[in-house]
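Just so it is clear: chains get the letters A, B, ... in the order the sequence lines come, proteins before strands, and each one is counted from 1.
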Protein chains: 2
Amino acid sequence: MRLRDTEKVQLVKQKAIELIVKDGLEGFSMNKLAKACQISVATLYIYYKDRDDLIVKITIEELESMTQGIMKDFSPEMSFEQGLHKQWENRYAFAKNHPQMNLFFDQLRSSSYQSTLLSDSISAFKMTMGQFMTNAIERGEIEEMPLDVYWSIAFAPLYNLIRLDQEGKSLDGSPFKVTDAVFWKTFDLVVKALKK
Amino acid sequence: MRLRDTEKVQLVKQKAIELIVKDGLEGFSMNKLAKACQISVATLYIYYKDRDDLIVKITIEELESMTQGIMKDFSPEMSFEQGLHKQWENRYAFAKNHPQMNLFFDQLRSSSYQSTLLSDSISAFKMTMGQFMTNAIERGEIEEMPLDVYWSIAFAPLYNLIRLDQEGKSLDGSPFKVTDAVFWKTFDLVVKALKK
DNA sequence: TTGTTAAATGAATGAATATTTATTTATTTT
DNA sequence: AAAATAAATAAATATTCATTCATTTAACAA
């Protein structure tokens, strides 16, 4: 029995993400991926059943790594301001350490894979986040509101900042990097919106 | 001289948007588009120079229609709360009347067309929006903050709500439609965040 | 009616795509 | 060292892609 070359397997995963971020799913092909890894296309079909399988499996792995990163040291029992701060911290850190991840997920969110992937697998994660909000409301820390309203205010501004930062330019076209100051200033305003 | 069939031209535009929203740019092809319109592929090459030209021209037209819709009855001289309310109203109305548009632009934002399209053409529009914020700060209606922070708080929650609405399901998986009440509740919280 | 012009077409083109095949290579087990 | 097994490959296949070509069709001008 010959062993599967784990370095090669890792390389495939990494290059796939790179290529999809660079060219979009539209410009991503099995042949290009093989060439980028300097391996035979056929090898890809040993690792994965087909193109779809490759994309789905890689995405699920990355999703899991991301939820893990986001949940680090977080508990739905934390106080509202502590908990939300931790969430912002974790998401900020993850975006910095995995600069391609948000772009990668953007690709999948705006593709035919969305329904398969992004809606299903994260349900446990979402439950926890829902619980956190419910607790905060019950404690009277924030106003009562639907989960979707909460989520839209609590996180949409954060991801918009991260996106602008990674695109590297501000809305007026000038160069742009999110500083810690700007980031936490935004956080303060979000807390102001939600707190009772 | 035979006249170009304007109904056919319109059909091509509409079906192109439909297909891109459904399958992504990745799954969009000239042959599929022709088949969907029940015309010859060659006809597409009478209307448009090539695939790129088709995508770019259609996008520019839709962008113009959208900025027009968003700017209706708005002026950067309006008071902060009135002006932002009008912006939310216009964007909400546009999203309702053109349910595919946000999804369509999402496709392009996460593609190689982004730099060509979404950064260039809207600059006048962005200038106006920047002016509106600057005025609000000068009048002391809102706190001082960078444009990107303002934008992230003022509009990212809105678009997140619209997206959830159009996906038709809430974060916990239950069916979801944005009601006027939910929409304006979110608006109130956003105003609360920004106002001095 | 006839000629002119561009719209519209069906059927090709070659290039790129995903996937499969037959074969070779490396590693473990006997 | 030989047999067994799966990894890895190079080369082929069938399909889909964007684009073009030769031809027909419709509308107007003479």
Side-chain angles (χ1 to χ4, degrees), chain A residues 1-61 104 107-108 110-113 116-117, chain B residues 1-61 104 107-108 110-113 116-117:
Chain A
M1 253 280 284
R2 186 173 171 184
L3 278 182
R4 194 172 286 192
D5 184 338
T6 52
E7 273 191 33
K8 210 169 276 181
V9 175
Q10 271 306 114
L11 182 69
V12 165
K13 212 185 303 180
Q14 179 211 315
K15 288 280 179 193
I17 293 170
E18 263 176 45
L19 286 179
I20 289 174
V21 166
K22 190 162 74 69
D23 305 330
L25 281 173
E26 169 205 10
F28 174 78
S29 87
M30 300 294 269
N31 293 313
K32 280 186 195 167
L33 175 58
K35 189 156 287 176
C37 299
Q38 297 186 289
I39 62 170
S40 160
V41 229
T43 306
L44 297 175
Y45 286 85
I46 296 171
Y47 298 165
Y48 301 101
K49 187 175 153 292
D50 52 28
R51 183 184 193 268
D52 259 36
D53 187 51
L54 181 146
I55 291 169
V56 168
K57 286 229 172 82
I58 289 180
T59 306
I60 287 177
E61 272 190 81
F104 178 70
Q107 290 295 337
L108 288 147
S110 62
S111 80
S112 43
Y113 295 99
T116 323
L117 287 167
Chain B
M1 253 281 283
R2 188 170 169 186
L3 279 183
R4 195 172 283 193
D5 183 338
T6 53
E7 273 192 32
K8 210 168 276 181
V9 175
Q10 272 305 115
L11 182 70
V12 165
K13 212 183 305 179
Q14 179 212 314
K15 288 279 178 194
I17 293 170
E18 264 176 44
L19 286 179
I20 289 174
V21 166
K22 188 161 76 71
D23 304 331
L25 279 174
E26 164 210 11
F28 173 77
S29 86
M30 299 295 268
N31 293 309
K32 282 186 194 167
L33 175 57
K35 190 158 285 176
C37 298
Q38 297 187 291
I39 61 171
S40 162
V41 225
T43 306
L44 297 175
Y45 286 86
I46 295 170
Y47 298 164
Y48 300 101
K49 187 174 151 294
D50 53 27
R51 184 184 192 266
D52 258 35
D53 187 50
L54 182 145
I55 291 170
V56 169
K57 286 230 173 84
I58 289 180
T59 306
I60 287 177
E61 271 191 81
F104 178 69
Q107 290 295 337
L108 290 147
S110 61
S111 79
S112 45
Y113 294 99
T116 324
L117 287 167

How close or far is atom [atom2] of [N] from atom [atom1] of [X], stated in whole angstroms?
X       : N      : atom1 : atom2 : value
B:Tyr47 : D:dT20 : OH    : C1'   : 18 Å
B:Tyr45 : D:dA18 : OH    : P     : 6 Å
A:Leu44 : D:dA7  : CG    : P     : 14 Å
A:Lys35 : D:dA10 : NZ    : P     : 11 Å
A:Arg4  : C:dT28 : CZ    : C1'   : 17 Å
B:Leu54 : D:dA18 : CG    : C1'   : 12 Å
B:Ile46 : C:dT5  : CD1   : P     : 17 Å
B:Gln38 : C:dT9  : CD    : P     : 11 Å

What are the two closest non-hydrogen atoms of [X] and [Y], and how far apart are they?
X       : Y       : result
B:Asp53 : B:Tyr48 : OD2-CA, 3.6 Å
B:Ala16 : B:Leu33 : N-CD1, 3.6 Å
B:Cys37 : B:Val12 : SG-CA, 3.8 Å
B:Lys13 : B:Ile58 : CG-CG1, 3.8 Å

Among the candidates [options], find the nucleotide nearest to the side-chain atoms of [X].
X       : options               : answer
A:Arg51 : D:dT19, C:dA18, C:dA8 : C:dA18
A:Met30 : C:dT19, D:dT9, D:dA8  : C:dT19
A:Asn31 : C:dA6, C:dT9, C:dA18  : C:dA18
B:Ala42 : D:dA8, C:dT9, D:dT9   : C:dT9
B:Arg2  : C:dA18, C:dA8, C:dT9  : C:dA8

Using only side-chain N and O atoms of [X], determine if any of them is under 4.0 Å from OP1 or OP2 of [N].
X       : N      : result
B:Lys8  : C:dT9  : yes
B:Ser40 : C:dA8  : no
B:Lys32 : D:dT16 : no

Self-check item: Main-chain N/O of B:Ser110 paired with A:Gln107 side-chain donor or acceptor, under 3.5 Å
Solution: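 Yes, the answer is positive, given that a donor and an acceptor are paired below the 3.5 Å cut-off.
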With sugar-phosphate meaning primed atoms plus P, OP1 and OP2, does [X] contact a base, only sugar-phosphate, or nothing at under 4.0 Å between heavy atoms?
X       : result
A:Tyr48 : nothing
B:Ser29 : sugar-phosphate
A:Leu3  : sugar-phosphate

